[in-house]
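Please read the structure below before turning to the comments.
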There are 2 protein chains.
Amino acid sequence: MSRAGAEFEAFLRRRGLRMTRQRRAILEEILGSRSHLTADHLEERLRRAGERAAKATVYRTLAMLVEGGLLEAHDFGGGTTYYEPILDRDHHDHMVCIGCGRITEFRSPAIEELQDEQARSHRFTPVTHSLKIFGYCARCVRRRSPGTPPRRLPGPAGPVPASQPSGPIRGRPR
Amino acid sequence: MSRAGAEFEAFLRRRGLRMTRQRRAILEEILGSRSHLTADHLEERLRRAGERAAKATVYRTLAMLVEGGLLEAHDFGGGTTYYEPILDRDHHDHMVCIGCGRITEFRSPAIEELQDEQARSHRFTPVTHSLKIFGYCARCVRRRSPGTPPRRLPGPAGPVPASQPSGPIRGRPR
DNA sequence: ATAGTTGCAAACTTTTTGCAGTGCC
DNA sequence: GGCACTGCAAAAAGTTTGCAACTAT
């Protein structure tokens, strides 16, 4: 069994929970993917793999996997949650292309360090963080330079703001 | 009229839209607050202020204000969008207390610089970004050191993970 | 045998949309 | 007077929950 499988079983045992066919299937499926799946994606992949789990079960299991530290949940601004395996993976952050939706990972220990510093100086005890840079990937820049309208995607409040105010890249979230 | 008011009117005129009583009221109300309001908060505040606007109108107006660059929308992980005036304010990021919900702002030009650098090196054209540090504010740390259960709050996938995995502050987003 | 689990459907929450009536310019 | 705007109610979308029927242990 995979490291993650063992880890999950241990997690379950610790809480008096059980390893079921569905849980096993969900775990294997998401581990076998190259990241960033939604509950919906998962349900479908399971079906295709000959397995099956109700959406409610998928959600319940994903929540456990996140709690157990096997997955990380991401909100890239489209209103749907994406899940990504984090066991045996370096921590990283994401750039989200508002043109095509492509996700690019990046690592910056220097940024992490500065975050800790900020937390310290505000007497804040950090637990997790989330850093996302929204913009256009190289391909989309090339393809739409003349000024094509942005595709609807992220945005807690709809599409990406048409007019980007002045100043540095302003933190306009999800 | 406030700077923001003029700015908004200009924005509307540019698009052939109109300044209405509701729009004016919503703008004034959110500008008059000290940040981080939800559509719901706003609707209630308006009512208390003797004004009134249907929730649909509130949402429609907020979307315009964001698009016009007067507001920024934030998702602090609770499934609700918070709005904050950004005119005449420095860009800043947020720390979100998962104990009490308190939001602390912080600024770090150094981090912004590093973000730009990352974008550049990935040939990504940044438009906006969102950086949130989740953790406990000083008060909550003091109050709950022994291990009080975290309050339900953020989390795209429910409450804050009970067991925080190892490693550096792992980016476990909204 | 005993709890924990699952599937299904109903419930929820926040935000969006359709439409008929209203009010800026 | 035209066309944009508002309110209301219905619709969406994603996720959660209640419950009776299963099933690991």
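Values reported hereafter were calculated over all heavy atoms of this structure, with side chains retained and with hydrogens, waters and symmetry mates removed. Chain naming here is simple, since letters A, B, ... match the order of the sequence lines and numbering starts at 1 in each.
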- Note on the structure: Between CZ of Arg13(A) and C1' of dG4(C) the distance, given in whole Å, is 15 Å
- Note on the structure: Between Leu87(B) and Leu70(B) the two heavy atoms that sit nearest each other are CD2-CD2, 3.5 Å
- Message: When you compare the side chains of His36(A) and His94(A), does any donor N or O come within less than 3.5 Å of an acceptor on the partner?
- Response: yes
- Item | Angle of first-five versus last-five pair axes in the helix from dA1(C)-dT25(D) to dC25(C)-dG1(D), to 10 degrees | 30°
- Query: Is it true that Leu12(A) and Tyr59(A) fall in one hydrophobic cluster, defined by side-chain heavy atoms closer than 4.5 Å?
  - Reply: no
- Message: With a 4.0 Å cutoff (strictly under), does any side-chain N or O of Tyr59(B) reach OP1 or OP2 of dT16(C)?
- Response: no
- Query: Does Arg123(A) have any salt bridge (charged side-chain N to carboxylate O under 4.0 Å, His left out) partners at least two apart in sequence or in another chain, and if so, which?
  - Reply: none
- Query: Roughly, in whole Å, what's the span from CG in Leu37(A) to P in dT15(D)?
  - Reply: 13 Å
- Message: Measuring from atom CE of Met95(B) to atom OG1 of Thr104(B), what distance do you get when rounded to the nearest 0.5 angstrom?
- Response: 6.5 Å
- Task: Would you mind reading off the distance between His41(A) atom NE2 and dT15(D) atom P, rounded to a whole angstrom?
- Result: 11 Å
- Message: Applying ring-ring contact (aromatic ring centres under 6.0 Å, His included), can you list everything that pairs with Tyr82(B), at least two apart in sequence or on another chain?
- Response: Phe76(B)
- Task: Evaluate the side chain to side chain contact (heavy atoms under 4.5 Å, CB included) criterion for residues Leu27(B) and Leu65(B): first the C-alpha distance (whole Å), next the side-chain angles of each, then the deciding distance (0.1 Å), finally the verdict.
- Result: CA-CA 8 Å; Leu27(B) 180 63; Leu65(B) 290 169; 3.7 Å; yes
- What residues form a salt bridge (charged side-chain N to carboxylate O under 4.0 Å, His left out) with Arg102(A), not counting sequence neighbours? none
- Query: How close or far is atom C1' of dT13(C) from atom CD of Glu43(B), stated in whole angstroms?
  - Reply: 14 Å
- Value in whole Å for how far the P atom of dT16(D) lies from CG of Asp40(A): 14 Å
- May I ask you to evaluate whether Thr80(B) reaches the phosphate of dT13(C), defined as a side-chain N or O under 4.0 Å from OP1 or OP2? no
Give every pair of a protein N or O atom and an N or O atom of nucleotides 5-9 of chain C that lie under 3.5 Å apart, one pair per line with the distance.
| from | atom 1 | to | atom 2 | distance (Å) |
| --- | --- | --- | --- | --- |
| dT5(C) | OP1 | Arg18(A) | N | 2.9 |
| dT5(C) | OP1 | Arg23(A) | NH1 | 2.6 |
| dT5(C) | OP1 | Arg23(A) | NH2 | 3.4 |
| dT5(C) | O5' | Arg23(A) | NH1 | 3.2 |
| dT5(C) | O5' | Arg23(A) | NH2 | 3.1 |
| dT6(C) | OP1 | Thr20(A) | OG1 | 2.7 |
| dT6(C) | OP2 | Arg23(A) | NH2 | 3.4 |
| dT6(C) | O3' | Gln22(A) | NE2 | 2.9 |
| dG7(C) | OP1 | Gln22(A) | NE2 | 3.3 |
| dG7(C) | OP2 | Ala54(A) | N | 2.9 |
| dG7(C) | OP2 | Thr57(A) | OG1 | 2.6 |
| dG7(C) | N7 | Arg60(A) | NH2 | 2.9 |
| dG7(C) | O6 | Arg60(A) | NH2 | 3.4 |

- Query: Within this structure, what is the CG-to-C1' distance between Leu62(B) and dT14(C), rounded to whole angstrom?
  - Reply: 13 Å
- Item | Under the salt bridge (charged side-chain N to carboxylate O under 4.0 Å, His left out) test, residues paired with Arg89(A) that sit two or more places apart | Glu84(A), Glu105(A)
